[in-house]
Each structure stands twice: as C-alpha cells, then as structure tokens.
J.: 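Here it is, the structure, as structure tokens.
Note that this is a predicted model, so its numbers are computed, not measured. Note that these values count all heavy atoms, side chains included, but never hydrogens, waters or copies made by symmetry.
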2 protein chains.
Amino acid sequence: MASVAQQRLAARKTPRQARSAATWDAILEATIQVLLATGPGRLTTTRVAERAGVSVGTLYQYFPNKQALLHAVTERYLGIVAATVEQACQEQIGAPIGQMAGALVEAYWQAKVVRCDVTRALYSVAAVVDTADLAEAFSKRVERATAAMFASAPDARFADLEIVNLTLLTSLFGAVRSLFDRGLPKRWACGVQQQLIFMSRAYLEAVRIPSQAADDPRPRLSAA
Amino acid sequence: MASVAQQRLAARKTPRQARSAATWDAILEATIQVLLATGPGRLTTTRVAERAGVSVGTLYQYFPNKQALLHAVTERYLGIVAATVEQACQEQIGAPIGQMAGALVEAYWQAKVVRCDVTRALYSVAAVVDTADLAEAFSKRVERATAAMFASAPDARFADLEIVNLTLLTSLFGAVRSLFDRGLPKRWACGVQQQLIFMSRAYLEAVRIPSQAADDPRPRLSAA
DNA sequence: ACCTGAACACCGTTCAAGT
DNA sequence: ACCTGAACACCGTTCAAGT
C-alpha cells in the first residue's frame, strides 16, 4: 500500500454537553466555509479554528488532525446524499425499470447539484485526505438500495444483477464527478443528465432478460 | 472561483543541454517513484530531489514549485494516454459503431491499466494540484478523435453527436476512475470492462438515427 | 550554465496553564 | 469539562556561493 499509515480518523471525543456539540458543529461548518472561500490547498487548521470562533487547541480536542476533520465533513455530506438516494429507491419499489433508472439518475444528480459548491469542494478534498473508506461505504449503501429496487422490477430479470448494478452506479457516479471536475458547463449539464437517463435505460434494456410482465417487448427510447 | 490564484505552472526553463535534459527526466521519474513509494501526502520536494540525485535547489531551477512538478508529470502521462486513444480511433474510421464502441472502451481501459499503479498515483495527485486544465485539454483531444470516428460510422447518424459523444466519454472516464479509486477489485474489473462495452453499444444503439446502410434494424446485444 | 544546501517562512500539532 | 495560544517540528521555497 502506497497509502500513508492509517491514523485515528475518528473524532477524538463525542460531544456530551451542549456547548461541546455546538463547538463540534461550528468547526465542521467553518471547515466548509473555509473550503469554499480559500480552496483545499489553503485550508489551514488555524483558519478553520478562527472562523469557528475557537482556538486551534480546541479544534484538536475534537479532531486528532486535519485529515480527521476533512474526513468528518465528508462523512456527514455523503450520509445525506446516501439517504436521499435510498429514499428515492424505496419509492420506486415495484415500478418498471425504465422509470427506476430515471428516478435514480435524477435523485443522485439532484442531491449533488443542490449544494454544488459544497459538492465540488468535497470532491477536491477526496484526494487530499484518504476518504476511500467513506466512498466505499457510500457505494455499498447505495448499491444495496438500488439492487433491492431493481430486483423488485416486474418487467425485468438479470443474469447477473450484481455486476449490472455495479456498472450502472460506477458510470453514474463517475460521470457526475467528471462533469463537476470540468466545471459543469451549464448549457451541457442539463442535457447530459437527460442523456444519462437514456443511457441507463438503454443499458438495462440491453442486458435484461425480458419477463412475462413486459407487454411491449422493446420500447423505443426517445433520442436527443 | 475557490481555486488558488493560478501561479506559473509551466516549467521554469526548457532544458537546452544534454545534462539538463537528463536532470529534467530524472526529476520527473523520481517524482513517480516517490509517489508510488510514499503516496502523494508524503511527497516532499526534498525527497524527490534526493531520489533524483540532485539538490532541492536544482529541482527548483526546473520547476517553480511543487505544483508545477506534479503538473508536468500529469501532463506527460495524459499525453501518452491521449495518443493511444487517438490511434485506436484512427483505426476504426469507417467501421460499424458497435465495433467502434468496443475499440474505444478497450483502448482507454488498456492505456489506464498497463501502468495501473501510476494511474492510481496520478489520480490521487489530481486533487492535490490543480490539473483541471490538463484534464480539459485531454478530454477535448479525445472528444475530437471520437467525434471524428463516430461521424464516419456508415451505420448511424445522431441528432446531436456532440452531446452523445460527451455523455459517452464522461461516463467512460468517470467509471474507470471510480473503479481505480475503489481499488479495482480484480474479479470485477474485467467483467465491468465488458459491461461498459455493452453499455456504450446499447446507448449508441438507442440514440442513433438508423441509416440505410444498417441491414439489421436492432441487433440484439448479448447479456452478461 | 548548472548545481549546492543552509536559512527562512509557514503550517500542523502539542501541552502547560487557565476557566 | 472545556478552552487557550505560545512553542516545536517539518516542509516548501529562496539565494548567496560554488563549479
């Protein structure tokens, strides 16, 4: 492993008292602020502490190091996105796959776009600190939700749902990330989101084993 | 822009003499070595200089700062990958789109996998330093090549080739990146590559406007 | 022309002292 | 219990001196 020795990344202590919890929140919030204001390269523990209205020492009472701080911010953010996608999947249980694909892409896209500055800031954090474990946990969580959703589709079965699911999500996550990295050209973004839905549908169509419930054998997908 | 003020990222001087060029190469090579050995977090200009067998001062004669150093390494690497994909596209001019899609995915995948440790190392660099310009130039270069390729397909036309091309490449680049970030589980990797080909074909199939040359109106794609 | 490496500034992290 | 901030160590970068 080329990775740095894994240090404690968990929070140093769980806030037990009210002012403690407030400080915790203030620090995480300040981290986002500084990230947005100065970028990850100039993010300094001193600056974060300043912005949060505490001293550096206090910051280090809550987070063992800068990594842990950024780790915690990412964890909180990914938790919100995962919950959003999970809910969307829940709502699509039993729906036709075409609709599921649309709902999935839209939910994920939406969750990323609502706070698109934060999204970008946290993408840029992802390589400064090792958030692989968080990304993995996030992927696993979403995979579970989408697999359950797809398995409930009345109009399709798959020879190997696991790999189809993995391919679909990997492409979706990756595509969205690429677009953010590229500054998300406004006039393309919306079109690409639509195209990603077409793409997901076309893929699921192509690899599905048609089941009895399907009335229309190969529904035509509308083009751009 | 949250990004740090763009400093000079170009090399400080172009090597004009033989020993100069050798030093330049040695430094870039050493950078990769250190990156692989210690990870981007522990990459130190002093360490790179040491490994290259020169002093820190010399390193700074060639690269104005650490960013520029990592920028140069990335530039060189992306140039190689772009050239590989360009060549593959060139070879597919006039072929059926299904075959083009397969060749594209395979060429890109292959180029990333041959030196997969380097690929991973440079992905991790991408956020520490701002290589957005390089990624953009790379994307543009590949987009041109694939657009020319797809435009030459005898069996398909597209209502909006530009956005289809963008969606396809964005998904491909992103998916591969996600897999690398996730440690590229050996037993999935190969299967996913195959699935990405299915996916690309299914998408192009779905959004294409069938032309006369197409004999089989909607060829069945094999499933997993 | 090209190289060297001690010196300086900045930032992550600690810890003795405060409330 | 929780907070403070001066002090220390490490690393990016410079520059006066060498070949």
Side-chain angles (χ1 to χ4, degrees), chain A residues 4-28 30-31 34-35 37-73 125 128-130, chain B residues 4-28 30-31 34-35 37-73 125 128-130:
Chain A
V4 225
Q6 285 281 351
Q7 302 171 316
R8 292 156 303 156
L9 288 177
R12 187 165 261 172
K13 66 175 171 190
T14 320
R16 305 205 166 281
Q17 304 198 355
R19 65 173 162 163
S20 202
T23 306
W24 169 279
D25 278 340
I27 293 172
L28 283 193
T31 306
V34 175
L35 225 36
T38 72
R42 277 162 127 80
L43 182 137
T44 285
T45 48
T46 311
R47 258 192 271 268
V48 171
E50 235 166 50
R51 176 112 207 177
V54 297
S55 78
V56 232
T58 300
L59 189 153
Y60 278 90
Q61 244 181 300
Y62 289 86
F63 305 94
N65 48 48
K66 187 175 160 182
Q67 264 212 27
L69 174 65
L70 294 172
H71 193 88
V73 174
V125 155
V128 183
V129 306
D130 193 359
Chain B
V4 223
Q6 286 280 354
Q7 302 172 315
R8 291 156 304 158
L9 288 178
R12 187 165 263 172
K13 67 175 170 190
T14 320
R16 304 207 165 279
Q17 304 199 352
R19 65 174 164 165
S20 201
T23 306
W24 168 280
D25 277 341
I27 292 172
L28 282 193
T31 306
V34 174
L35 223 38
T38 72
R42 276 161 125 82
L43 182 136
T44 285
T45 47
T46 312
R47 258 193 271 270
V48 170
E50 236 166 49
R51 176 111 205 177
V54 297
S55 78
V56 233
T58 300
L59 189 153
Y60 277 90
Q61 245 181 297
Y62 288 87
F63 305 94
N65 49 46
K66 187 174 160 181
Q67 265 213 27
L69 174 65
L70 295 171
H71 194 88
V73 174
V125 155
V128 183
V129 305
D130 194 359

J.: Taking the side chain of A:Thr23 as its heavy atoms from C-beta onward, which of C:dG5, C:dC2, D:dC3 lies nearest to it?
T.: D:dC3

J.: Just how far is it from atom CG of B:Leu70 to atom CG of B:Asn65, taken to the nearest 0.5 Å?
T.: 9.5 Å

J.: Identify the two heavy atoms, one from B:Pro40 and one from B:Leu35, that lie closest to each other, and give their separation to 0.1 Å.
T.: CA-CD1, 3.7 Å

J.: I'd like a list of close polar pairs between nucleotides 6-12 of chain C and the protein, N/O only, cut-off under 3.5 Å.
T.:
unit_1, atom_1, unit_2, atom_2, d
C:dG12, OP1, A:Leu43, O, 3.2
C:dG12, OP1, A:Lys66, NZ, 3.0
C:dG12, OP2, A:Thr45, N, 3.0
C:dG12, OP2, A:Thr45, OG1, 3.1

J.: If you look at every heavy atom in A:Ala26 and A:Ala52, which pair is closest and at what distance?
T.: O-CB, 3.7 Å

J.: Minimum heavy-atom separation for B:Ile27 and B:Leu69, please, with both atom names.
T.: CG2-CD1, 3.6 Å

J.: Atom CD of A:Glu50 and atom P of D:dT4: how far apart are they, to the nearest Å?
T.: 12 Å

J.: Expected output check: what is the dot-bracket annotation of DNA chain C, where ( ) and [ ] are pairs inside the strand (brackets for crossing ones), | is paired with another strand, and pairs are Watson-Crick or G-U under 3.5 Å?
T.: ||.|||||...|||||.||

J.: Work out which heavy atom in A:Leu43 is nearest to a heavy atom in A:Lys66; give both atom names and the distance.
T.: O-NZ, 2.9 Å

J.: Walk me through it: do A:Tyr60 and A:Thr45 pass the test side-chain contact (heavy atoms from CB on, under 4.5 Å)?
T.: CA-CA 9 Å; A:Tyr60 278 90; A:Thr45 48; 3.3 Å; yes

J.: Give the minimum heavy-atom separation between A:Asp130 and A:Gln67, together with the two atoms involved.
T.: N-OE1, 4.3 Å

J.: According to a strict under-4.0 Å criterion, is B:Thr58 in side-chain N/O contact with OP1 or OP2 of C:dT4?
T.: yes

J.: Could you tell me the separation between the CH2 atom of B:Trp24 and the P atom of C:dA1, rounded to a whole number of Å?
T.: 19 Å

J.: Show the numbers, then the answer: is there a side-chain contact (heavy atoms from CB on, under 4.5 Å) between B:Thr58 and B:Thr23?
T.: CA-CA 9 Å; B:Thr58 300; B:Thr23 306; 3.9 Å; yes

